[in-house]
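Every number for a ligand or one of its atoms is a count from 1 in the order of the listing. Note that this is a predicted model, so its numbers are computed, not measured.
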Amino acid sequence: MKVLLIGSGGREHALAWKIAQSPLLEEFYAAPGNPGIADHATLVSLDVEDHAAVIAFAKEKAIDFVIIGPEAPLVAGLADDLRAAGIATFGPSKAAAQLEGSKGFTKDLCARYDIPTGAYQRFKAAEPARQYVHEQGAPIVIKADGLAAGKGVTVAMTEAEALAAIDDCFDGAFGAAGAEVVVEAFLDGEEASFFCLSDGKTALALATAQDHKRVGDGDTGPNTGGMGAYSPAPVMTPAMVERTMKEIIEPTISGMAKDGNPFSGVFFAGLMITAKGPELIEYNVRFGDPECQVLMMRLKSDLLPILYATATGTLDKVEAEWRDDAALTVVLASKGYPGAYDKNTPIAHIPDASEEAKVFHAGTALKDGKLVATGGRVLNVTAFGKNVTEAQARAYALTDKVEWENGFCRRDIGWQAVAREKA
Ligand code: AMP
Ligand code: GLY
C-alpha cells in the first residue's frame, strides 16, 4: 500500500513509527512531517490547506490511502475532498468533524440521543448567559463553542469567575470560536480519555489514557496541549469501558448516521467518571497528542489494516491486540511554553531508542543539518513498564539523557497511577 500521512507532531511521529512496521506498506510519504518522521517516510513540503495540491500529489504518486492526523484539516474538509477524488482517507468528514469543531453541536447530539453529559445551554449573547449562571450558581463551566486550541474552557469555581469568562468570550478572547458560548454543569469525578474507531456503522474500542493538561508539577499552572500521558487509565475498568461503549459511543455512531453525518475515524472521548458512571465532557475526532504516543507503544497489531478498514467500512473484519504493559510519555517543551518561548534552540543529543523506550519528535526541525526546537512541545519520551511506576522510571531515565538546554518537562507524569500502585 502507498500511504500519505498528513501532520507534523509527536502524534504523527508515533503513527509513522507504527505504520512503518506494517508488512503491507510499499511507499510512505508524510506532509509536512518532521525530522523524526523522516526516519520512516519521505517528507513532502505540501501546503495541506491547499486541498487541490494534496490531491494532485496523491494522484501523481498513486497513493492508495491518506491518513490525516490533526483536527484542523479535518474541520476544513480535507477528508471530504480526498474521498471525492476517489482516494481512501482516514478521518471524518467536515460535517462529522463538528463533533470536535463545535461544542454546541455535540451537546445537542447528546440531548437528542440521550447520551450522558452535563446539563447545558447555548448562548449567542452575554446577558442571557450571565442570567443562566445566576440561576445555576457555581461551580459551573464556560466554554467557547469553537476550536480554541484547548484554551476556551473555564471551570469556574465562583460565579464571578464564570461571569468574567463569559465576558472574555464575547469580548473576542477566542476570536470567532467565542461567538457562541456553552454554559455547562460542573461534573465531579475522575477524568479519562477513551479511544474508539468507527467506520460509520461498527465500533472498535482501542484503549484508554490519562493526560496531564497543566504545565506544572502537581497539576498547577496554565493549561497546555498536554505535558504527558499514560495508558491504560486505571479508572477505565472493563465494566466502565463496556458502559462507555453502550451509553456513549454506540448512540453517537447511530445518531450521527441518522442525522446524515456518519462518522468515520477515531473518537477521542474525554470522559468524567462520576458517581453515576461515564459522562461525556467532549469529543475530539483525531488521536490525542501525546495520548497517541502511548497508544501506539501498546498496540501489538498492525495499525495500517485497522486504519484502512476504518476508512473503507470493513471495521467488523479486524481486531486490535494490546500489550498488557503500561506506557507513559513525558513531553519535553521549550522553556516559557505555553507562553512565549525561544525558537531554533539547539538540541545537542537525543538518546537511542531501546526495546522499552523511544523518543518521538514533535516540534523539531533541521537547520543547516543541526536539530533545533521550533515548537512549544518538542520531544515525547515514551516508555513501557509492567506498571506505570516502571514506565515512569524508564521514561525519566531516558529524558535525563536528552541534551537540550532550553527544554523542560514535568517530573511527575503518572503521579495518580503511581500513588494508586503504591497504595
Ligand atoms: P475540554 O476542552 O472540553 O476538554 O475541557 C478542558 C478541561 O476542562 C477538561 O479536561 C476538564 O478537566 C474540564 N472540564 C470541561 N468540562 C467540564 C465539566 N462539565 N465539569 C468539570 N470539568 C470540566
Ligand atoms: N492531549 C490533548 C489533545 O490532543 O487534545
Inset, instruction - Measure from the side-chain N and O atoms of Thr117 to the backbone N and O of Leu280, and report whether any donor-acceptor pair falls under 3.5 Å. - result: yes
Inset, instruction - Using a strict cut-off of 4.0 Å, indicate which atoms of ligand 1 neighbour a heavy atom of Lys103. - result: 2 (O), 3 (O)
Legend entry - Residue Phe268 vicinity, atoms of ligand 2 by number, heavy atom under 4.0 Å: 3 (C), 4 (O), 5 (O)
Legend entry - Verdict with supporting geometry, Arg410 and Asp219, side-chain contact (heavy atoms from CB on, under 4.5 Å): CA-CA 9 Å; Arg410 277 181 63 162; Asp219 293 325; 2.9 Å; yes
Legend entry - Proximal atoms of ligand 2 relative to Gly288 (non-hydrogen, under 4.0 Å): 4 (O)
Legend entry - Proximal candidate to atom 21 (C) of ligand 1 [heavy atom criterion; set Asp219, Leu187, Asn284]: Leu187
Inset, instruction - Answer with yes or no whether Arg11 contacts ligand 2, where contact means a heavy atom under 4.0 Å from a ligand atom. - result: no
Inset, instruction - For a salt bridge (Lys or Arg N to Asp or Glu O under 4.0 Å) with Glu184, tell me which candidate from Lys103, Lys107, Arg122 qualifies. - result: Lys107
Legend entry - Of the listed options Thr154, Asp211, Ile142, Val153, closest to atom 2 (O) of ligand 1 (non-hydrogen atoms): Val153
Inset, instruction - For this output row, return yes or no: ring centroids of Phe194 and Phe268 closer than 6.0 angstrom. - result: no
Legend entry - Residue Arg286 vicinity, atoms of ligand 2 by number, heavy atom under 4.0 Å: 3 (C), 4 (O), 5 (O)
Inset, instruction - Would you please determine whether Ala185 falls within less than 4.0 Å of ligand 1 on a heavy-atom basis? - result: yes
Legend entry - Heavy atoms of other groups near Glu403 CD, more than 12 under 6.0 Å: yes
Inset, instruction - Please tell me if the side chains of Pro338 and Pro222 come closer than 4.5 Å, counting only heavy atoms from C-beta onward. - result: yes
Legend entry - Enumerated ligand 1 atoms positioned under 4.0 Å from heavy atoms of Met272: 21 (C), 22 (N)
Legend entry - Row check, Phe384 ring normal vs Arg323 NZ/CZ: under 6.0 Å, within 45°: yes
Legend entry - Arg377-ligand 2 polar pair, N/O distance under 3.5 Å: no
Inset, instruction - Please could you name the atoms of ligand 1 that Lys143 approaches to less than 4.0 Å, counting only its heavy atoms? - result: 3 (O), 15 (C), 16 (N)
Inset, instruction - From the options Gly225, Pro290, Gly10, select the one whose nearest heavy atom is closest to atom 2 (C) of ligand 2. - result: Gly225
Inset, instruction - Output the list of atoms in ligand 1 that are nearer than 4.0 Å to some heavy atom of Ile281, sorted by atom number. - result: 3 (O), 15 (C), 16 (N)
Inset, instruction - Report the part of Val155 in contact with ligand 1, treating N, CA, C, O as backbone and CB onward as side chain, heavy atoms under 4.0 Å; options are side chain, backbone, both, neither. - result: side chain
Inset, instruction - Would you please classify the geometry between the Phe123 ring and the Tyr132 ring as parallel, tilted or perpendicular, with 30° and 60° separating the classes? - result: tilted
Legend entry - Short side-chain to backbone donor-acceptor contact, Thr310 and Tyr308, under 3.5 Å: no
Inset, instruction - Please identify which atoms of ligand 2 are closer than 4.0 Å to at least one heavy atom of Glu291. - result: 1 (N), 2 (C), 4 (O)
Legend entry - Spacing of CZ belonging to Phe267 relative to CG belonging to Asn284, to within rounding of 0.5 Å: 12.0 Å
